[in-house]
Amino acid sequence: QVQLVESGGGLVQAGGSLRLSCAASGRAFMTDTMGWFRQAPGKEREAVAGIKWNDYRTYYADSVKGRFTISGDNAKNTIHLQMNSLKPEDTAVYFCAATTIRRTIMTMAARNFGSWGQGTQVTVSS
């Protein structure tokens, strides 16, 4: 089992930036891919970004490409999400997630992720 703890959420004005962090513990060495999902009120959880450990391949949702950057340190079992040019539609609870299932980076299907953090609120005001 992998435990995930997020930090870095908050309130920011449109156009501003935030940086989220996620630290993994437990059996983190078994993780193939880690990533970020978000869920806004009344909407389904959606994948935002992911990073695959063996080659640092990344995934981005179309809605965040060019604005968000995922990075990570496999040795420290941590990932970060740098969010720039934030928009009100980015408002959501952001979850860190981890999976041991290979090739998940290609689709970032939520059902593949067995470990989840508690979530951190990101609110972007207009």
Side-chain angles (χ1 to χ4, degrees):
Q1 189 70 12
V2 177
Q3 291 78 45
L4 303 171
V5 178
E6 304 106 332
S7 60
L11 172 65
V12 66
Q13 290 187 333
S17 299
L18 282 174
R19 179 179 170 88
L20 305 182
S21 297
C22 175
S25 60
R27 298 195 174 191
F29 65 93
M30 298 178 65
T31 298
D32 178 86
T33 296
M34 291 183 66
W36 293 95
F37 289 75
R38 67 186 181 187
Q39 188 166 19
K43 295 188 177 181
E44 293 186 356
R45 188 170 297 189
E46 63 173 347
V48 176
I51 186 165
K52 181 175 173 62
W53 285 133
N54 72 340
D55 59 6
Y56 285 83
R57 188 185 315 179
T58 57
Y59 164 97
Y60 292 99
D62 288 342
S63 58
V64 306
K65 284 180 180 177
R67 301 189 298 122
F68 291 11
T69 302
I70 190 169
S71 61
D73 185 332
N74 194 3
K76 296 181 179 180
N77 296 315
T78 59
I79 61 171
H80 308 282
L81 185 67
Q82 179 65 43
M83 304 184 294
N84 298 328
S85 302
L86 283 161
K87 304 175 181 180
E89 51 262 45
D90 294 318
T91 295
V93 178
Y94 284 69
F95 298 89
C96 177
T99 178
T100 60
I101 300 175
R102 296 180 180 181
R103 301 182 182 178
T104 294
I105 193 67
M106 300 176 67
T107 63
M108 291 292 290
R111 63 180 179 274
N112 285 7
F113 287 80
S115 300
W116 294 84
Q118 79 285 357
T120 185
Q121 178 70 45
V122 171
T123 303
V124 184
S125 63
S126 57

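Side-chain atoms are counted along with the backbone in the values below, which use heavy atoms only and exclude waters and symmetry mates. What you are looking at is a predicted structure, and each value in this text was computed from that prediction instead of being measured.
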Side chains of residues 62-70: which donor-acceptor pairs under 3.5 Å do they make with residues two or more places apart or in other chains?
unit_1	atom_1	unit_2	atom_2	d
Asp62	OD1	Lys65	NZ	3.1
Ser63	OG	Arg38	NH2	3.4
Arg67	NH1	Ser85	O	3.0
Arg67	NH1	Asp90	OD2	2.7
Arg67	NH2	Ser63	O	2.9
Arg67	NH2	Asp90	OD1	3.0
Arg67	NH2	Asp90	OD2	3.4

**Message:** Whether the Asp32 and Thr99 side chains hold a donor-acceptor pair (N or O, under 3.5 Å, no angle test) is what I'd like checked.
**Reply:** no

**Residues forming a salt bridge (Lys or Arg N to Asp or Glu O under 4.0 Å) with Arg57, sequence neighbours excluded** = Asp55

**Message:** Do Val93 and Thr120 make a side-chain contact, defined as non-hydrogen atoms from C-beta onward lying under 4.5 Å apart?
**Reply:** no

**Asked** Which pairs, with at least one residue in residues 83-126 and sequence neighbours excluded, count as a ring pair (Phe, Tyr, Trp, His ring centres under 6.0 Å)?
**Response** Phe37-Phe113, Phe37-Trp116

**Prompt:** Which heavy-atom pair separates Met108 from Gly50 by the least distance, and what is that distance?
**Reply:** CE-CA, 3.7 Å

**Request:** Just grab all the ring pair (Phe, Tyr, Trp, His ring centres under 6.0 Å) pairs involving residues 48-67, residues at least two apart or on different chains.
**Result:** Trp53-Tyr56

**Prompt:** Please, which pairs that meet side chain to side chain donor-acceptor pair (under 3.5 Å) have at least one residue in residues 1-16, sequence neighbours excluded?
**Reply:** Glu6-Gln118

**Prompt:** Which residue pairs pass the salt bridge (charged side-chain N to carboxylate O under 4.0 Å, His left out) test with at least one member in residues 114-126, sequence neighbours excluded?
**Reply:** none

**Message:** Who clusters with Phe29? Use side-chain heavy atoms, under 4.5 angstrom, across I, L, V, M, F, W and Y, and order the result by chain and number.
**Reply:** Met30

**Request:** Quick one: do Ser17 and Gln82 satisfy side-chain contact (heavy atoms from CB on, under 4.5 Å)? Show the steps, please.
**Result:** CA-CA 7 Å; Ser17 299; Gln82 179 65 43; 3.9 Å; yes

**Prompt:** Roughly how far, to the nearest 0.5 Å, is the OG1 atom of Thr107 from the CG atom of Asn112?
**Reply:** 5.5 Å

**Message:** In the structure I gave you, are the side-chain heavy atoms of Val122 and Leu20 within less than 4.5 Å of one another anywhere?
**Reply:** yes

**Prompt:** What heavy-atom pair brings Ser115 and Leu4 nearest, and what distance separates the two atoms?
**Reply:** O-CD1, 3.4 Å

**Fill in**
Taken to the nearest 0.5 Å, the spacing of Asn54 CG from Thr33 OG1 works out to 8.0 Å

**Item:** Atom of Pro88, atom of Ser126 and distance for their closest heavy-atom approach
**Value:** CG-CB, 3.8 Å

**Item:** Residue pairs passing the salt bridge (charged side-chain N to carboxylate O under 4.0 Å, His left out) test where at least one lies in residues 95-118, sequence neighbours excluded
**Value:** none

**Prompt:** Which disulfide bond (SG atoms under 2.5 Å apart) pairs, counting each pair once, include a residue from residues 97-126, with sequence neighbours left out?
**Reply:** none

**Prompt:** Distance from Met34 atom CE to Asn77 atom CG, nearest 0.5 Å?
**Reply:** 7.5 Å

**Asked** According to the disulfide bond (SG atoms under 2.5 Å apart) rule, which pairs have a member within residues 88-126, sequence neighbours left out?
**Response** Cys22-Cys96

**Asked** For Thr123, which residues count as a side chain to side chain donor-acceptor pair (under 3.5 Å) partner, sequence neighbours excluded?
**Response** Gln121

**Message:** Testing the basics here: between Ile51 and Ile105, what is the closest heavy-atom pair and its distance to 0.1 Å?
**Reply:** N-CD1, 3.7 Å

**Item:** Partners meeting salt bridge (Lys or Arg N to Asp or Glu O under 4.0 Å) with Arg19 (sequence neighbours left out)
**Value:** none

**Asked** Judged by modelled atom types alone, do His80 and Ser21 share a side-chain donor-acceptor pair under 3.5 Å?
**Response** yes

